[in-house]
J.: 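One structure, as structure tokens, below. Some questions next.
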Amino acid sequence: MVIKAEYVEGNIVVFDRESARKLYAAGYYGKPLGVSKPKDLDFDEPLVLDLIEALFLFDEGELKVYKDKKELSRDELERLGKECYTRFDELYIVYRDLRKRGFIVTSGIKFGSDFAVYKHGPGIDHAPFIVQVKSIFDEIHATELVRAGRLATTVRKNFIIAIPEHISGKVRYLVFSWTRL
Amino acid sequence: MEEKSISGASVIYGLLKDNGVIIKEKSSIGELIGRGYGKLYDNDFLILNEYETLYLVETNRLIVKTSSEESISFNELLRIFQSKNPRLWILYVIYRDLRRRGYVVKEGFGNDLVFRIYEKGKDVESYYVIYPFFEGTPEKMANMLEAARQTLSKDKQLIVAVVERRGEVIYYTCSEVDLRNV
């Protein structure tokens, strides 16, 4: 059954409680509103998705999004994504690639990165790995590398830079680990 | 008469040429090769590159002279080498740090993969390849990807050596992965 959600100022919100629980259980999609670390699936709050997750679920045929009671097309959803986030295309390509590989992908904002990626899910894995998305045309500063490396070392996980290729949709991953040599 | 350096080892004499510093004395050549310095030519003489020269001079194991028998100080050598290589000092900082960690450091592959290193006493195919990364000079992702690809194709491990503003070096392994083993 396709789940219905509402577009609300840059967020995609699933208000129906059963649908919200189902979607969250299906792969830790979204976050129950105001709940930092949901303990189980018995939450009553609406589920808030970001536009990257929403577009992925739309593409998978799992989600329909409505704005002002009108169903949004893929183009409209993508356009809203680009309006709300810079680098939306790159973030989406990487998000999709990671999800298609079977990972649980959540926001990396708490780690100062684009994504936190789990094998099994938050609270189950010991720690996520931390993914920063960069375009092939981007530059990286030494301070970025050291900062991310320091953080990844603290949480005992690797720091990964994901570099998407727009045309092929392929993503290349560089993993960095601090070493004593 | 044989001189002794501060560390007690024999002092080696070298002659400055355009392509490096030449060592002709047989016992010195043997000692340097044993410690992983220089390139041997025609089984007759050894040439030290600029990093090796600076390190050996800095550690009082080498005295470099001109063809007119004048000794050249570390600072003068640095200035001479820098005139040919604008990245010399910063790469020397990495070379020196690696040597002090006990690695033998050899020239790498091209402009980005500056050094290859192996552990002292293990004179085998080097495993690590060094990519310098200076604080204040951003690196292009495309260059870093290419370095990772090249290193992998040579079956070696890429090490990014981040040199901070005051010369401390921080090392990161960098590999392209398909995420199956992360």
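All heavy atoms count here, side chains included; hydrogens, waters and symmetry mates do not. All of these numbers come straight from a predicted model, not from anything done at the bench. In the text below, chain A, chain B and the rest are named by the order of the sequence lines, each starting its count at 1.
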J.: With a 4.5 angstrom heavy-atom cut-off, which part of B:I170 approaches chain A: side chain, backbone, both or neither?
T.: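 Contact with chain A involves the side chain of B:I170 alone.
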J.: Does the ring of A:F103 carry A:K119 above it, NZ/CZ under 6.0 angstrom from centre and within 45° of its axis?
T.: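 No cation-pi geometry.
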J.: Just so I understand: if I count every heavy-atom pair under 4.5 Å between each of A:I136, A:L98, A:I161 and chain B, which residue has the most?
T.: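 Most heavy-atom pairs within the cutoff with chain B belong to A:I136.
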J.: Which answer fits B:R165, side chain, backbone, both or neither, if we ask what part of it has an atom under 4.5 Å from a heavy atom of chain A?
T.: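 Neither the backbone nor the side chain of B:R165 comes within 4.5 Å of chain A.
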J.: Pick one of side chain, backbone, both or neither for B:F134, based on which atoms fall under 4.5 Å of a heavy atom in chain A.
T.: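 It is the backbone, since no side chain atom gets that close.
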J.: Honestly, is A:R79 close enough over A:F88, meaning NZ or CZ under 6.0 Å from the six-membered ring centre and within 45° of the axis?
T.: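 Judged by the rule (NZ or CZ under 6.0 Å from the ring centre, within 45° of its axis), A:R79 is not positioned above A:F88.
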J.: With only heavy atoms counted, which part of A:V171 is less than 4.5 Å from chain B, the side chain, the backbone, both or neither?
T.: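 A:V171 has no heavy atom closer than 4.5 Å to chain B.
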J.: Heavy atoms, side chains only, cut-off 4.5 Å: are A:I109 and A:D114 in contact?
T.: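 Heavy-atom side-chain distance check fails, nothing below 4.5 Å.
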J.: Look at the rings of A:Y24 and A:Y28 and say which category their plane angle falls in: under 30° parallel, 30 to 60° tilted, over 60° perpendicular.
T.: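 A:Y24 and A:Y28: perpendicular rings.
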J.: Checking A:L174 against chain B: side chain, backbone, both or neither under 4.5 Å from a heavy atom?
T.: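 For A:L174, the contact with chain B is made by backbone and side chain together.
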J.: Under 4.5 Å heavy-atom distance to chain B, tell me which part of A:R172 shows up: side chain, backbone, both or neither.
T.: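 Interface part for A:R172: both.
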J.: Do B:Y37 and B:N49 have a side chain donor and acceptor closer than 3.5 Å?
T.: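 Side chains of B:Y37 and B:N49: no pair found under 3.5 Å.
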J.: Against the six-membered ring of A:Y92, is A:R87 placed for a cation-pi contact (under 6.0 Å from the centre, within 45° of the normal)?
T.: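 The answer is no, since A:R87 fails at least one limit relative to A:Y92.
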J.: Can you list every pair that meets side chain to side chain donor-acceptor pair (under 3.5 Å) and has a residue in residues 135-149 of chain A, with sequence neighbours left out?
T.: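 Every pair satisfying side chain to side chain donor-acceptor pair (under 3.5 Å) with a residue in residues 135-149 of chain A: A:K134-A:E144.
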J.: Side chain, backbone, both or neither: which part of B:I159 has a non-hydrogen atom closer than 4.5 Å to chain A?
T.: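 Only the side chain of B:I159 comes within 4.5 Å of chain A.
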J.: So what's closer than 4.5 Å to chain A heavy atoms on B:V160: side chain, backbone, both or neither?
T.: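 Answer is side chain: those atoms of B:V160 sit under 4.5 Å from chain A.
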